[in-house]
Amino acid sequence: MRSVAKPKLAVWKFASCDGCQLSLLDCEDELLQIVGAIDIANFVEASRNVMKGPYDVSLVEGSITTPHDAERIHKVRRQSKLLITIGACATAGGIQALRNYTDVKQYASYVYSNPEFLETLNKSTPIADHVFVDFELRGCPISKAQLVETVSAFLNGRKPVTPPYSVCMECKRRGTVCVMVAHGTPCMGPVTQAGCGAICPSYHRGCYGCFGPKETPNTGALADQWKAMGITNDGIVRSFRGFNAYADAFRKESEAHEE
Amino acid sequence: MKTDKVQSSSEGSFTSNGAPRVFTVEHLNTLIRNLRDQGYAVIGPVVQDAAIVYDEISSSEDLPIGWIDTQSNASYRLTKRAAKTLFNFTVGPQSWKKYLHKPSVRILEAEKNGNEFAVNDAQPPAKKQAFLGVRACELHAIAIQDRVLLGGPYVDPIYAELRTNTLIVAVNCEKAGGTCFCASMGTGPRAEHGYDLALTEIRESDHHYFLIETGSALGATVLAGLPAEVASESDIQAANRVIATATHQMGRKVDMSEMKEILYRNTENPRWQDIASRCMSCANCTLVCPTCFCTTIEDTTDLRGTRAERWRKWDSCFTMEFSYIHGGSIRTSPGTRYRQWLTHKFGSWGDQFGSAGCVGCGRCITWCPVGIDVTEELKAIRDSELVEAGSIKSKE
Ligand code: SF4
Ligand code: SF4
Ligand code: SF4
Ligand code: SF4
């Protein structure tokens, strides 16, 4: 018997690709520390050993896309002291939120021979649209470093350091040459939240916006510049409709360029 | 511009030391080799990812031979020409603050042991570094950061250690870029002080050589190890012509007369709103600026809560957290953040540190992804007063 109970952590999956949960499994070096500091009480991707709730911390991956999940998330909330959403699906609806711009029934009819057996919602929505969320961790997938930072911040009773400023800040700190200015490559970095470490520009690619809109994003100014660079309206719509297509600022900017 | 308080290996003797010398282009390599033999990491311009950045070099072959840059608002392009020039380009996206006021530094680590904890704030000892190719505007930028980080009662020990171990070989500009305006800021294109050695690259008929000026005792010692001859009057004239070429190429200019007063009078100018519609508060301008010095502190702990680290990272007045005090951020609108940047650089910096906070390098214009131009914004604010004065007159 332990004298002090370790905090109990649960990991939940909704509509998602499991990539964010894999980030947790990928914390090889830190996982032993994590296991030493917390009881992984419910993480079916990692272990069949499931402990009953309530849980001190719940990490929630995925968006709400079915009536069943819209119910289940309330059960998760009721059992969790702290609920942290992880990844673009859980925080913004994910890539599957592209359905929000079209008719999902039509899609279903292309894919399934008997779509009438499907029970699915018209929109893919973030967890925060359904229950109160204590903290959101952005990214598609989330950054391993930010995940460890967030878990250790909660364990140590301090605020996690996940700055809401632009990807450009990380780009400049690491000394990457700007792909917009030097190569003429459109980049989402100036309106996207930091956290990935500015990976794509360091490989000569424009940022894809995986971490969603930064604080006070001026998407219109970026779109104007892209137009001046010769990007079509269609190109602008596609860029803003990625993994964070349904995040407010990106959604509005994409709608403004629909023809 | 004042250059007091410049602490360097060459402290106290920035007056020209003896007559200028000349050496052939091949001997630049001898200079690099000698510096490396004396234990310096030589850092100079190199081509990386289609731009000229600063990195460690081991010979003059590493320099951007034949490369030339074209710069304008939000645009930077490199082209290679047949002429084997070594320094015929202007400043790129990086500045020397990368090596003096580093982008991220761990300032301490702490370890908990039972009820006690031990703090270790020791920094790794700074290695000797030699900067090759520092331009006039950059010398002024380093002098400005010296005043900010070494002047007054609070000295930044990390910067001081790096700065003391830095030797500076300046290069006079032959070409001014499309966004340069050092001439109107009084900071270039001629390197006047703050260097140990200063080179001018001269290419006349089939002659390709350097004129070398000495700015410190240390510079004189380094030069003594090189096969350099005393420059003739015609060499000096040739060097002057090189610098005059750059002076006439300035792509931008700023009228600094009464600039501070104008900015202070115009805190509510509608132009700030207009800029806010174009500015993304992405912070590129502040991070490329060679004089911006602001940093933030980030603390981390490990999962067990037994180890903590404190990091210092480049920050910017364009972030919300920058102006966060009890209750929230003061500068929530991007317009007020842009106003802070422009007013600090061209106004309040003078009250704080006795000079402008801008050296006219043009980086913030080239590397702003939407091409917002400080010179244009300053002019618009200045001109708005003329328009106002004019319209008042016409009404009377
Ligand atoms: S490459 Fe993209 S993220 Fe990096 S500074 Fe340029 S615009 Fe910003
Ligand atoms: S002026 Fe340009 S570089 Fe500076 S914050 Fe605004 S958009 Fe970014
Ligand atoms: S404000 Fe702009 S032009 Fe002036 S020193 Fe800074 S980056 Fe260079
Ligand atoms: S302009 Fe902004 S980032 Fe630069 S020194 Fe001033 S307050 Fe700091």
Side-chain angles (χ1 to χ4, degrees), chain A residues 27 30-38 145 148-149 151-153 155-161 163-184 186-187 189-192 194 201-204 214-222 224-226 228-229, chain B residues 48-55 69 71 73-78 92-94 98 102-104 276-288 296-306 308 311 313-316 318-322 329 332-334 337 366-372:
Chain A
C27 296
E30 297 86 359
L31 211 54
L32 280 177
Q33 269 199 25
I34 294 183
V35 174
I38 47 186
V148 173
E149 163 62 15
V151 173
S152 58
L155 289 176
N156 290 298
R158 62 177 177 83
K159 192 176 159 232
V161 181
Y165 49 59
S166 68
V167 174
C168 302
M169 292 272 285
E170 294 187 312
C171 223
K172 285 292 179 285
R173 284 182 188 148
R174 65 183 281 174
T176 303
V177 173
C178 177
V179 301
M180 279 262 286
V181 171
H183 311 169
C187 179
V191 296
T192 300
S202 78
Y203 289 96
H204 305 171
K214 80 175 203 22
E215 61 188 12
T216 63
N218 189 346
T219 51
L222 186 65
D224 284 348
Q225 181 69 11
W226 286 1
M229 289 162 68
Chain B
Q48 258 172 34
D49 302 330
I52 292 170
V53 300
Y54 297 137
D55 209 341
D69 56 321
Q71 303 193 33
N73 310 45
S75 172
Y76 179 100
R77 292 293 181 276
L78 279 185
Q94 299 179 350
K98 175 181 165 191
K102 296 184 173 185
S104 62
S277 70
R278 290 174 277 135
C279 171
M280 305 181 291
S281 56
C282 65
N284 274 300
C285 47
T286 44
L287 301 195
V288 294
T296 183
I297 297 294
E298 285 181 5
D299 290 340
T300 66
T301 47
D302 71 348
L303 289 153
R304 287 202 202 91
T306 53
W311 286 78
K313 295 183 175 175
W314 282 355
D315 199 9
S316 165
F318 280 95
T319 74
M320 287 277 272
E321 211 159 70
F322 186 90
S329 289
T332 48
S333 73
R337 282 176 253 162
T366 302
W367 298 98
C368 167
V370 292
I372 296 175

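First the proteins, then the strands, lettered A, B, ... as listed; each starts at 1.
Counting heavy-atom pairs closer than 4.5 Å to chain B, the top residue among A:R174, A:M229, A:E30, A:Q33 is A:Q33. Listed options B:G371, B:P103, B:A276, B:A283 were ranked by heavy-atom pairs under 4.5 angstrom with chain A; first place goes to B:P103. Chosen from A:A182, A:A37, A:S166, A:G175, the residue pairing most often with chain B at heavy-atom distances under 4.5 Å is A:A182. Heavy-atom pairs under 4.5 Å with chain A were tallied for B:S277, B:P334, B:S333; the largest tally goes to B:S277. Comparing A:T216, A:V179, A:T192 by how many heavy-atom pairs each has under 4.5 Å with chain B, the most go to A:T216.
At a 4.5 Å heavy-atom cutoff, A:V167 makes no contact with chain B through either its backbone or its side chain. Proximity to chain A (any heavy atom under 4.5 Å) is restricted, for B:R278, to the backbone atoms N, CA, C and O. Both the backbone and the side chain of B:D302 have a heavy atom closer than 4.5 Å to some heavy atom of chain A. For a residue to count as touching a neighbouring chain, one of its non-hydrogen atoms must lie under 4.5 Å from one of that chain's; by this rule A:R158 touches chain B with the side chain only. Proximity to chain A is limited to the backbone of B:F318, based on heavy atoms less than 4.5 angstrom apart. Only the backbone of B:Q48 has a heavy atom closer than 4.5 Å to any heavy atom of chain A. With a 4.5 angstrom heavy-atom cutoff, A:A221 touches chain B via backbone and side-chain atoms both. When heavy atoms are compared at a cutoff of 4.5 Å, A:N156 approaches chain B solely by way of its side chain, counted from C-beta outward. Only the side chain of A:E149 comes within contact range of chain B, with at least one heavy atom under 4.5 Å from a heavy atom of that chain. Residue A:P163 touches chain B through its side chain alone, counting heavy-atom pairs closer than 4.5 Å.
Side-chain polar atoms of A:K214 and B:S281 form a donor-acceptor pair below 3.5 angstrom.
With sequence neighbours left out, A:A194 forms a side chain to side chain contact (heavy atoms under 4.5 Å, CB included) with A:Y165, A:E170. By the salt bridge (Lys or Arg N to Asp or Glu O under 4.0 Å) test, B:D299 is found to be paired with B:R310, residues two or more places apart in sequence or in another chain being considered.
Partner of A:V181 under the side chain to side chain contact (heavy atoms under 4.5 Å, CB included) criterion, chosen from B:T366, B:N284, B:V370: B:T366.
In terms of modelled atom types and a separation under 3.5 Å, the side chain of B:D49 and the main chain of A:H204 share no donor-acceptor contact. Side-chain N or O atoms of A:R173 include none that pairs as donor or acceptor with a backbone N or O of B:S104 at under 3.5 Å. A:E215 places a side-chain N or O within 3.5 Å of a backbone atom of B:M320 that can act as its donor or acceptor partner.
Across every non-hydrogen atom of B:A74 and A:Q225, the tightest pair is CB-NE2, 3.8 Å. Considering every non-hydrogen atom in both B:A51 and A:V177, the closest pair reads CB-CG1, 3.6 Å. Heavy-atom minimum distance, B:C282 versus A:C168: O-CB, 3.7 Å.
For NZ of B:K102, the number of neighbouring non-hydrogen atoms (other residues, nucleotides, ligands) closer than 6.0 Å is 12 at most.
Rounded to the nearest 0.5 angstrom, A:L155 CG and B:T301 OG1 are separated by 8.5 Å. Taken from CE in B:M280 to OG1 in A:T219, the straight-line distance is 10.5 Å, to the nearest 0.5 Å.
Residues A:V151 and B:L303 are in side-chain contact: their nearest non-hydrogen atoms beyond the backbone lie under 4.5 Å apart. With a 4.5 Å cut-off on side-chain heavy atoms, B:S316 and A:M169 count as touching.
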